[in-house]
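Order of the sequence lines sets the chain letters (A, B, ...), proteins ahead of strands, with each chain counted from 1.
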2 protein chains.
Amino acid sequence: MSTIQDVARQAGVSISTVSNVLNGRTGRMGKDTLARVRAAIAALDYRPNRAARQLKTGRTPMLGLLVPSIANPMYGYIAREIETAAQERHGLRVLLGNTYRNRLKETRFFDDLLAHGVRGVIVVSSLVDERHFESAVEHGLVMVSYDRRATPEIRSGIDHVSVDNFEAARLAAAHLIEHGHRRLAFVTASGKTMSRSEKIDGFLAAAEQAGLRASARVLDCAARADYGDSEMVDVGREQAARIAGDAERPTGIVALNDMLAYGLMAGMREYGIAIPAAVSVVGIDGLFLSTLVSPALTSVELPVREMARTIVERIVGRLADPSLPTGEFLFPPRLVERDSVARCRDAEPAAAPEAAR
Amino acid sequence: MSTIQDVARQAGVSISTVSNVLNGRTGRMGKDTLARVRAAIAALDYRPNRAARQLKTGRTPMLGLLVPSIANPMYGYIAREIETAAQERHGLRVLLGNTYRNRLKETRFFDDLLAHGVRGVIVVSSLVDERHFESAVEHGLVMVSYDRRATPEIRSGIDHVSVDNFEAARLAAAHLIEHGHRRLAFVTASGKTMSRSEKIDGFLAAAEQAGLRASARVLDCAARADYGDSEMVDVGREQAARIAGDAERPTGIVALNDMLAYGLMAGMREYGIAIPAAVSVVGIDGLFLSTLVSPALTSVELPVREMARTIVERIVGRLADPSLPTGEFLFPPRLVERDSVARCRDAEPAAAPEAAR
DNA sequence: TTGAAAGCGCTAACAT
DNA sequence: ATGTTAGCGCTTTCAA
């Protein structure tokens, strides 16, 4: 690898001149000096050493990205959009870490980012407890959290970008209600993350508004202790078993997310419960896999690309101007109808006048 | 952030002593000197600046990982295993890049790695043309290619880790043959990557051996030009349409990979072709999603974790000793039976004596 | 057993 | 318009 020295020698100029070219300070530079430097750079196939530059400037064109597990299709999707936005819009590379929702792994990742001189980091769907985040922020990290709402009333050094989870679940439940369902359930994994609580609230609000609050149920179930990508799927399967044996079975189900819905549907199938004939299901996320399961899953879709862009812009912006206040950025979800919801057969005509159509 | 200077001052020693502690050269060090240094490090929450270290040593504990798109569940799975192996076994971080199978993006990623001082890189399922790889290797990158076989007879500066694709497809076809299928097809996307050709060969070899070569068909279909994660799914769907309209329709299908199989099954469903009653399907990859589609997909599973470990060990090994020769590492696949294969109804009893069981 | 000092490649004052 | 120079924080001889 050639260095700035080699380029300077080759071009017959000093290293400062080369450095000036490198950093775009070509304003009052001799036209042919510039040309000679450029030629030398090309001839030597010179690439500035980032470590040296970083040692001097304290900056490195890199972002950290922390996900529970990149094998989970939802996180893979988000990661792709974030990497693409960071690279194409700002030339930033992405350092990836799987945390398996382990606090120690998260902390170590922050430490490594700091040591590597990386100042911007995106944390996807982390733990409820955010204290170690604040500590990382104090050490100089500019952080954006995805899929966690800000804790109300607490000033945070972290940007929060997420979908309106309340609205997402409300939309899903309302869709079921519109189709005449009156025995509703929200199926979730236990362990209250903030986004889960919000979804539950949205679900219950829709039920309440339709006068169905009394019969609406929230079914949760412990996930396996160790984080796996099939965690949600397993929860769905397990819940299917429980629901199958339930005499007062719900006819309309909102799933915490698409992966859980897939597991739920697979489980239902094993118990011979037809979807959507016997039970209708709505997911949340809008993964492209939802078109592949059978029946294709009706789901509340998240504007992932837009969120990814906002995340990157926030980091870049606050990196450039640390005095910028942090904020909360909420995105609207959108229901995408597919084939997992049918009109409820038990629906009373009075309650659903359009049942005959 | 505190520096080595701060630690030295706090401990009342020179920076060399601190550096020695940092690098484990504590052999003949005063017992309490060591203790004082350690205490100072802890007290100041000191973390060595990697950029400075790298500038000196030329090394940085980081690997590059290039995938077509991390949103593709198969690449997400591989990426997770690689990141985990790199981090847990060697403390290495992973720099991720999506290439969308674009040669320019790949080249730029290599350039950036070099500039960042990263010397090890893993390339997953890249283009057929490997010339830009060799150029990167000449510039000092230690490279491992996943899912591409070495070009025979050509000495390469690259390690190749892959599954035995021939065997994978052979296994899949043999499984169909065992179930009495005599009209076989291999469904693939057009564009001949090496792994695809090998799979085709394995498929045809199995057909040949069963005397079914004449009727065995390879169906390919152009993917959309721009790389997308639903690329394979779309190809599967399109092929389903074609197969549905085929009077001499195959009864046993081997899909290039699981994603394509999902699309194929979804397409078949739309055309009212029952799986496995009318057509049996076998995928290749063994993604966990295969348990979620309906019917659950019988698939030839890849030993992804073992492959990921080998990939990391190869890089680390050759980074430590560049004189190590590169090699090819082939892993055996394994058939996992689920519900997408049934005994062929058209099977002639003579050809399949156990048909009556 | 510990310390002094050179230098990795670059940026950005400051000089000229 | 271009060059000189002082570090950024660390590792590693070499000397004491």
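A:Arg36 CZ: more than 12 foreign heavy atoms inside a 6.0 Å radius. Within a 6.0 Å radius of CZ in B:Arg47, more than 12 heavy atoms belonging to other residues, nucleotides or ligands are found.
Rounding to the nearest 0.5 angstrom, the gap separating the CE atom in B:Met62 from the CG atom in A:Asp112 is 8.5 Å. To the nearest 0.5 Å, atoms CZ (B:Arg305) and CD1 (B:Ile82) are separated by 12.5 Å. One finds the CG atom of A:Leu113 at 13.5 Å from the CZ atom of A:Arg108 (value rounded to the nearest 0.5 Å).
The backbone N or O of A:Leu44 lies less than 3.5 Å from a partner atom in the side chain of A:Ser2, making a donor-acceptor pair. B:Arg101 places a side-chain N or O within donor-acceptor distance of the main-chain N or O of B:Ser125, the cut-off being under 3.5 Å.
Within 4.0 Å (heavy atoms only), A:Asn20 reaches no atom of the nucleic acid at all. Counting non-hydrogen atoms under 4.0 angstrom, B:Ser19 reaches a base of the nucleic acid. Residue contacts shown for A:Arg53 are limited to sugar-phosphate atoms, with no base heavy atom under 4.0 Å away.
Residues satisfying the side-chain hydrogen bond (donor to acceptor under 3.5 Å, both in side chains) criterion with B:Arg119, sequence neighbours excluded, are absent altogether. Every residue meeting the side-chain hydrogen bond (donor to acceptor under 3.5 Å, both in side chains) condition with A:Asn98, not counting sequence neighbours, appears here in chain and number order: B:Glu83. Annotation: side-chain hydrogen bond (donor to acceptor under 3.5 Å, both in side chains) contacts of B:Thr310 (sequence neighbours excluded): none. Qualifying salt bridge (Lys or Arg N to Asp or Glu O under 4.0 Å) partners for A:Glu306, counting only residues two or more places apart in sequence or in other chains: none. For A:Arg89, the side-chain hydrogen bond (donor to acceptor under 3.5 Å, both in side chains) partners are A:Glu313, not counting sequence neighbours. The ring-ring contact (aromatic ring centres under 6.0 Å, His included) test applied to B:Phe110 returns B:Phe133, not counting sequence neighbours. Taking A:Ser19 as the reference, A:Ile4, A:Asn23, A:Arg25 meet the side-chain contact (heavy atoms from CB on, under 4.5 Å) condition, with sequence neighbours excluded.
With contacts defined as side-chain heavy-atom distances shorter than 4.5 Å, the pair A:Ile315/A:Leu63 qualifies.
Residues from residues 37-51 of chain A placing a heavy atom under 4.0 Å of any atom in DNA chain C, listed by number, are A:Tyr46, A:Pro48, A:Asn49. The stretch residues 4-17 of chain B comes close to DNA chain D through B:Ile4, B:Ile15, B:Ser16, each having a heavy atom under 4.0 Å from the strand.
In this structure, the helix from C:dT1-D:dA16 to C:dT16-D:dA1 shows an angle of 40° between the axis at its start and the axis at its end, each fitted on 5 base pairs and rounded to 10°.
Chain A approaches DNA chain C within less than 4.0 angstrom (heavy atoms of the protein), and the contacting nucleotides run 5' to 3' from C:dG9 to C:dA12. Along DNA chain D, the stretch of nucleotides lying under 4.0 Å from any heavy atom of chain B spans, 5' to 3', D:dG9 to D:dT12.
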